[in-house]
Amino acid sequence: MLYWNIFLAFLIPGVLGYGGGPASIPLIENEVVQRYEWMTVQEFSEVLALGNSLPGPIATKMAGYIGYEVGGIPGAITGVFATVAPSLILMIFLLGILYKYKDSPKVKRLTLYVRPVIAILLGLMAWRFFVESYEGIGIWQSAFLVVASYLLMERFKVHPAFVILGTLTYGGFVL
């Protein structure tokens, strides 16, 4: 019953919290503090502060932490799954519709318009990452990581996951 309650406590804000994390925080607070009384307001505010200090979506971080505090590792998995389940189900449903009409001229036109936008957004994200890297570790370290990553992936065909792991290790030990 505990895991069902964890599931409901994070599924309801996931369904009703239109707009993502900031919109769902009061709903999560209502479920966790008032309905199930798993935390006090003070504890919840500390979890919220911790969640805001880490990168990524706030709702999933809070669901993982609160689920772990209440029900251990299965509770964390249940909380995170309940948080992403509404979006996941909707995406599967919408992708089914998109796949059904994939040969439609309107859908083909839509993908032609979406591809450049995605490319620009990815380029902007890469630029922001480079600027933050430059500001954080300097131009020489950033340039070394860019060149080494390029050579490893393009020349030596190393899988990107291993390159990411290598750069994380480099950052942890050298920087």
Cluster link [X] to [Y], ILVMFWY, side chain under 4.5 Å:
X: I25; Y: V32; result: yes
X: V70; Y: I28; result: yes
X: V84; Y: I66; result: no
X: L88; Y: L11; result: yes
X: L8; Y: Y68; result: no

Are side-chain heavy atoms of [X] and [Y] found at a separation under 4.5 Å?
X: W4; Y: F7; result: yes
X: I12; Y: R35; result: yes
X: E46; Y: L50; result: no
X: H159; Y: V163; result: no
X: E29; Y: V41; result: yes

Without swapping roles, check the side chain of [X] against the backbone of [Y] for a donor-acceptor pair under 3.5 Å.
X: S149; Y: V146; value: no
X: S45; Y: Q42; value: yes
X: K61; Y: L54; value: yes

(message) Can you confirm whether or not the ring centre of Y170 sits under 6.0 Å from the ring centre of F144?
(response) yes

(request) Give a yes or no on whether M153 atom CE has more than 12 heavy-atom contacts from other residues, nucleotides or ligands under 6.0 Å away. (result) yes

(message) Tell me whether F81 at atom CZ has more than 12 heavy atoms from other residues, nucleotides or ligands lying less than 6.0 Å away.
(response) no

So, for [X] and [Y], which heavy atoms are closest and what is the spacing to 0.1 Å?
X: P13; Y: S24; value: O-CB, 3.9 Å
X: L48; Y: I58; value: O-CD1, 4.0 Å
X: T40; Y: V33; value: O-CG2, 3.9 Å
X: Y3; Y: T78; value: O-CG2, 3.4 Å
X: P86; Y: T83; value: CD-O, 3.6 Å
X: A9; Y: Y36; value: CB-CE1, 3.7 Å

Rounded to the nearest 0.5 Å, what's the gap from [atom1] on [X] to [atom2] on [Y]? Could you check?
X: L152; Y: I164; atom1: CG; atom2: CD1; answer: 12.0 Å
X: E132; Y: I137; atom1: CD; atom2: CD1; answer: 11.5 Å
X: T169; Y: F162; atom1: OG1; atom2: CZ; answer: 12.0 Å
X: M1; Y: I6; atom1: CE; atom2: CD1; answer: 12.0 Å
X: Q34; Y: F44; atom1: CD; atom2: CZ; answer: 10.0 Å
X: E69; Y: W38; atom1: CD; atom2: CH2; answer: 12.5 Å

Under 3.5 Å, which donor-acceptor pairs do the side chains of residues 94-123 form with other protein atoms, sequence neighbours left out?
{"residue": "S104", "atom": "OG", "partner": "K106", "partner atom": "N", "Å": "3.3"}
{"residue": "T111", "atom": "OG1", "partner": "V107", "partner atom": "O", "Å": "3.4"}
{"residue": "T111", "atom": "OG1", "partner": "K108", "partner atom": "O", "Å": "2.7"}

(request) Determine whether the side chains of Q141 and Y134 contain a donor N or O and an acceptor N or O closer than 3.5 Å. (result) no

